[in-house]
Number of protein chains: 2
Amino acid sequence: MVRTVFEKPDAIALVAEVFRELGYEGASMSEITARTKLSKGSLYHFFPGGKEDMAAEIMAHIDSWFVTEMFQPLEEGEPRAAILNMWETTDSYFRSGRRVCLIGAFALDETRDRFSSAIRSYFHRWIEALAGALKRAGLPRLEARALAEEAVVGIQGALTLARALGDETIFGRMLERLKKRVEAALVR
Amino acid sequence: MVRTVFEKPDAIALVAEVFRELGYEGASMSEITARTKLSKGSLYHFFPGGKEDMAAEIMAHIDSWFVTEMFQPLEEGEPRAAILNMWETTDSYFRSGRRVCLIGAFALDETRDRFSSAIRSYFHRWIEALAGALKRAGLPRLEARALAEEAVVGIQGALTLARALGDETIFGRMLERLKKRVEAALVR
DNA sequence: GACCTTATAAACCGATCGGTCTATTAGAAA
DNA sequence: TTTCTAATAGACCGATCGGTTTATAAGGTC
């Protein structure tokens, strides 16, 4: 009998993709084992707390990825470069809109109540980090805040519509518009 | 024993609210009976096809509501008035962001595959209707198309973030921004 | 009041749910 | 090579799933 041995980071990434595709309730243990090829034994070995544990670890993993790749550069780095990096990172992470935002999806149904603080802090930090960078790049505080909010809203909305319409181009168009708007505000 | 007698439109509205709160997979029959006070007998009387039937009827109901209240005015009425009506209707329908867009939520997980054509046509018609009104109000075709897309994207994104952040004000702010942007484009 | 259609209640069904448990294997350490 | 721990496989569990069925009550029509 051939057995594949996984390590926890791989398990997190594999299970994450199933939650992304099926949602929290839709991702049954049998679907998770079928799609990831991880047996129940493996899953409960890595995630003793079951589904809720999996989701929590996945969200923490996503959050820390965004912190290092996007939020910290926005918070601490050269603001204009960090903002340009954000557009790039967003486009590649969400695969030009073909990939769902798991944290955004969790926010919509009752799953939100289980993970409300993780969900809230993810989006809050994203908006605040971007607003901070915009301010350091020269925008007045209120304008920076509004523009940051609008960008994160636009990204989430575009992800929803990309899937709803089955349209591979809408996400890129929206990202381009947001980028132009930010650049226009900065040169003004 | 006291029995309450329902009619189908009431049943649709009650079940819709449960799907909205729990999502398609999360809305189990036991949760639906508990929250709506409709027994299984009643539910399968009104919806012989079960959950899938319920969801399909609910989406059709929502769609036809939007057609009469928003899309047809945008398509046939005086464009500026219809657009103003759209902001109002959107704000009140989504209860200033406290209410989830069920069709948008269905688009995110595998539920989309069951109802893909209904989901696609709802958003497609919304964008096209708004783009048409903007064009009739004087905007060039491409600009009207882009602005319409941006408005629907912004509404969906604001709904996601309103729930994610537990913020009752973000939806109104976003709607106001979109409205301003449309008006600015029209007077230009 | 008799009759009939529509709607309701709840017991019941097999299938699947999330989760537990035991036995076994892979692979690093000595 | 022996030993030990981390990882895997899958049978098994009670609870809940979506759905069916039977019996009964509501409420309009005559």
Side-chain angles (χ1 to χ4, degrees), chain A residues 1-59 61 102 105-106 109-115, chain B residues 1-59 61 102 105-106 109-115:
Chain A
M1 166 134 322
V2 178
R3 295 196 343 167
T4 314
V5 176
F6 293 91
E7 290 182 17
K8 189 159 177 180
D10 302 322
I12 290 179
L14 288 167
V15 178
E17 228 47 45
V18 183
F19 277 114
R20 237 181 254 287
E21 287 159 18
L22 305 181
Y24 185 80
E25 297 292 343
S28 67
M29 289 305 300
S30 66
E31 277 292 337
I32 295 173
T33 58
R35 294 185 182 220
T36 62
K37 310 296 178 196
L38 275 83
S39 68
K40 281 194 169 190
S42 296
L43 289 167
Y44 278 89
H45 172 70
F46 290 128
F47 311 102
K51 272 182 77 171
E52 187 148 354
D53 198 0
M54 293 175 206
E57 290 236 40
I58 288 165
M59 293 179 73
H61 181 260
L102 184 138
F106 279 4
D109 56 40
E110 257 212 349
T111 312
R112 184 190 66 154
D113 301 338
R114 293 177 188 250
F115 308 111
Chain B
M1 166 131 325
V2 178
R3 295 199 342 167
T4 314
V5 175
F6 293 90
E7 292 181 15
K8 186 159 178 180
D10 302 321
I12 289 178
L14 287 168
V15 178
E17 227 47 46
V18 183
F19 276 114
R20 235 182 254 287
E21 286 160 17
L22 304 182
Y24 185 80
E25 296 293 342
S28 67
M29 289 305 299
S30 66
E31 277 291 337
I32 295 172
T33 58
R35 295 186 182 218
T36 62
K37 309 297 176 196
L38 275 83
S39 69
K40 281 192 168 190
S42 297
L43 289 168
Y44 279 88
H45 172 69
F46 290 128
F47 312 101
K51 271 181 78 173
E52 186 147 355
D53 198 359
M54 294 176 205
E57 290 237 39
I58 288 166
M59 292 179 73
H61 181 261
L102 185 136
F106 279 5
D109 57 41
E110 258 211 348
T111 313
R112 185 190 64 153
D113 301 337
R114 292 178 188 250
F115 308 111

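Naming convention: chains lettered A, B, ... in sequence-line order (proteins, then strands); numbering from 1 in each chain. Atom set for the values below is all heavy atoms of this structure, side chains included, hydrogens, waters and symmetry mates excluded. It should be emphasised that the depicted structure is a prediction, and the values quoted were computed from it without experimental measurement.
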Side-chain N or O of [X] less than 4.0 angstrom from OP1 or OP2 on [N]?
| X | N | value |
| --- | --- | --- |
| A:S42 | D:dA7 | no |
| B:H45 | C:dA7 | yes |
| A:K40 | D:dG10 | no |
| B:S39 | C:dA9 | yes |
| A:S30 | C:dC17 | yes |

Please compare B:K51 and B:G41 by the position of their nearest nucleotide in DNA chain D and report the one closer to 5'.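 On the 5' side of the pair lies B:K51.
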
Between B:G49 and A:E7, which is nearer to the 5' end of DNA chain D once each is assigned its nearest nucleotide?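 Of the two residues, A:E7 wins.
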
Tell me what A:A11 touches on the nucleic acid: a base, only sugar-phosphate, or nothing, going by heavy atoms under 4.0 Å. nothing

Select base, sugar-phosphate, or nothing to describe what A:F46 touches, counting heavy atoms under 4.0 Å on all strands.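 The answer is sugar-phosphate, as A:F46 gets under 4.0 Å only of primed atoms, P, OP1 or OP2.
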
Rounded to the nearest Å, what distance is computed from the [atom1] atom of residue [X] to the [atom2] atom of nucleotide [N]?
| X | N | atom1 | atom2 | answer |
| --- | --- | --- | --- | --- |
| B:D53 | D:dT20 | CG | P | 11 Å |
| B:I32 | D:dG19 | CD1 | P | 9 Å |
| B:Y44 | C:dA9 | OH | C1' | 15 Å |

Shortest non-hydrogen separation from [X] to [Y] and the atoms involved:
| X | Y | answer |
| --- | --- | --- |
| A:R35 | A:V18 | CB-CG2, 3.9 Å |
| A:F19 | A:A55 | CE1-N, 4.3 Å |
| B:A16 | B:L102 | O-CD1, 3.6 Å |

Quick one: sort the A:F106 and A:F115 rings into parallel, tilted or perpendicular, breaks at 30° and 60°. parallel

DNA chain C: A:G50 or B:F6, which has the more 5' nearest nucleotide?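 The residue whose closest nucleotide sits nearer the 5' end is B:F6.
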
